[in-house]
Participant: 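Following this message is one structure expressed as structure tokens.
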Amino acid sequence: MKKMKTAIIAVIAAGVLTACGSNNEGTKDSGSGKTENALEKIQEKGTLMVGTSADFAPFEFKTLVDGKDTIVGSDIEMVKAIGDKLGVKVEFMDMQFDAVLVALQQNKVDIAVSGISATAERKESFDFSTPYYNPPQKIVINKKNQATYTSIESLNGKKVGAQKGSIQEGVVETQLPDAQKVSIPRVPNLIVELNQGSIDALVLEETIAESYINQNPDLMFADIELTSNEDEAFAIALPKGEDELKEEIDKIIAEMTKDGSIDKYVKEAMELADKNTEE
Ligand code: ARG
């Protein structure tokens with residue numbers, strides 16, 4: 001009797017399984033339009049395509065590695081670690097900073113990693129990972145002008161540089177409203193202009209400013225306070241609504257923040273950028 005019951009249950013169970021199976025097939029056949037999410041797509045093609053602007057030491061910059069021009073930096077190491085955890089290769093597409101978010105918008109890249117501040121305005125068009133770094137805004141000047149540029153007002157009418165497409169343009173506009181804003185596409189060019197004196201000052205985030213000051217001994221931080229907003233922290237820009245991708249990346253960033261990896265990447269990249277100029 002007991003045996004019989006078991007047999008009947010087994011038959012019923014098999015029936016249920018079959019029903020499920022055919023049901024599933026039904027969905028597939030009808031092509032119900034269940035498309036893959038971005039994370040699945042990335043894992044399927046086996047490559048994470050990353051948009052960046054490699055002009056921003058120590059986060060992303062170029063250096064010779066074994067005689068070859070290579071993109072390096074803490075953002076680069078961070079993304080490589082993310083690629084490893086997702087089990088995919090990472091490829092970088094280098095472009096001007098003001099093109100990075102456009103490339104993401106146009107799906108030319110899967111994510112954008114470029115010391116990008118997750119501002120409220122950008123959040124209207126993109127999702128962002130949890131922030132991973134938050135340096136304050138700083139003014140950089142020539143050492144010889146140390147005694148001249150001592151306050152916001154001392155820069156009135158002066159040329160203050162900012163990278164084109166960066167939030168530093170907004171910092172100049174709102175916090176140095178009487179200065180003359182000069183927008184320049186690449187950070188190293190901003191530095192050249194400042195060294196030459198064709199601009200009087202520039203705005204950069206502290207860690208980046210520190211790296212370029214290390215590489216350019218005639219430059220220094222101005223002793224002028226700027227206000228930094230809390231929505232300026234760096235985060236990875238993601239396509240909107242790709243929650244699975246965001247969740248996965250957030251998890252990895254949380255680990256890398258907690259175990260000190262991100263700070264380590266920044267420190268190492270800073271040393272690498274400094275070494276660059278010594279050679
Ligand atoms: N954090 C600033 C912004 O998001 C500047 C980023 C510039 N990044 C770069 N790789 N040049 O606007």
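Every number for a ligand or one of its atoms is a count from 1 in the order of the listing.
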Participant: Do Tyr132 and Asp75 have a side chain donor and acceptor closer than 3.5 Å?
Facilitator: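 Result is yes, a qualifying pair exists.
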
Participant: List ligand 1's nitrogen or oxygen atoms that come under 3.5 Å of a protein nitrogen or oxygen, with the partner atom and distance.
Facilitator:
| from | atom 1 | to | atom 2 | distance (Å) |
| --- | --- | --- | --- | --- |
| ligand 1 | 1 (N) | Gly115 | O | 2.8 |
| ligand 1 | 1 (N) | Ser117 | OG | 2.8 |
| ligand 1 | 1 (N) | Glu205 | OE1 | 3.3 |
| ligand 1 | 1 (N) | Glu205 | OE2 | 2.8 |
| ligand 1 | 4 (O) | Ser117 | N | 2.8 |
| ligand 1 | 4 (O) | Ser117 | OG | 3.4 |
| ligand 1 | 4 (O) | Arg122 | NH1 | 2.7 |
| ligand 1 | 8 (N) | Ser114 | O | 2.8 |
| ligand 1 | 10 (N) | Ser53 | O | 3.0 |
| ligand 1 | 10 (N) | Glu60 | OE2 | 3.2 |
| ligand 1 | 10 (N) | Ser114 | O | 3.3 |
| ligand 1 | 10 (N) | Ser114 | OG | 2.9 |
| ligand 1 | 11 (N) | Asp55 | OD1 | 2.8 |
| ligand 1 | 11 (N) | Gln163 | OE1 | 2.8 |
| ligand 1 | 12 (O) | Arg122 | NH1 | 3.4 |
| ligand 1 | 12 (O) | Arg122 | NH2 | 3.0 |
| ligand 1 | 12 (O) | Ile167 | N | 2.8 |

Participant: What is the distance from atom OG of Ser74 to atom CE of Met270, rounded to the nearest 0.5 Å?
Facilitator: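 So the OG of Ser74 and the CE of Met270 are separated by 9.5 Å.
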
Participant: With a cut-off of 3.5 Å and sequence neighbours excluded, list every side-chain donor-acceptor pair involving residues 190-197.
Facilitator:
| from | atom 1 | to | atom 2 | distance (Å) |
| --- | --- | --- | --- | --- |
| Glu193 | OE1 | Ser198 | OG | 2.8 |
| Asn195 | ND2 | Asn216 | OD1 | 3.0 |

Participant: Using the side-chain hydrogen bond (donor to acceptor under 3.5 Å, both in side chains) criterion, which residues pair with Lys108? Sequence neighbours excluded.
Facilitator: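 Lys108 satisfies side-chain hydrogen bond (donor to acceptor under 3.5 Å, both in side chains) with Gln106 once adjacent residues are dropped.
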
Participant: Over 60° means perpendicular and under 30° means parallel, so classify the ring planes of Phe56 and Phe234, tilted if in between.
Facilitator: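 Phe234 vs Phe56 ring planes: tilted.
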
Participant: Do any side-chain atoms of residues 91-102 form donor-acceptor pairs under 3.5 angstrom with protein atoms, and if so which ones, sequence neighbours left out?
Facilitator:
| from | atom 1 | to | atom 2 | distance (Å) |
| --- | --- | --- | --- | --- |
| Asp94 | OD1 | Ala54 | N | 2.9 |
| Asp94 | OD2 | Lys62 | NZ | 3.0 |
| Gln96 | NE2 | Asp98 | OD1 | 3.1 |
| Asp98 | OD2 | Lys164 | NZ | 3.3 |

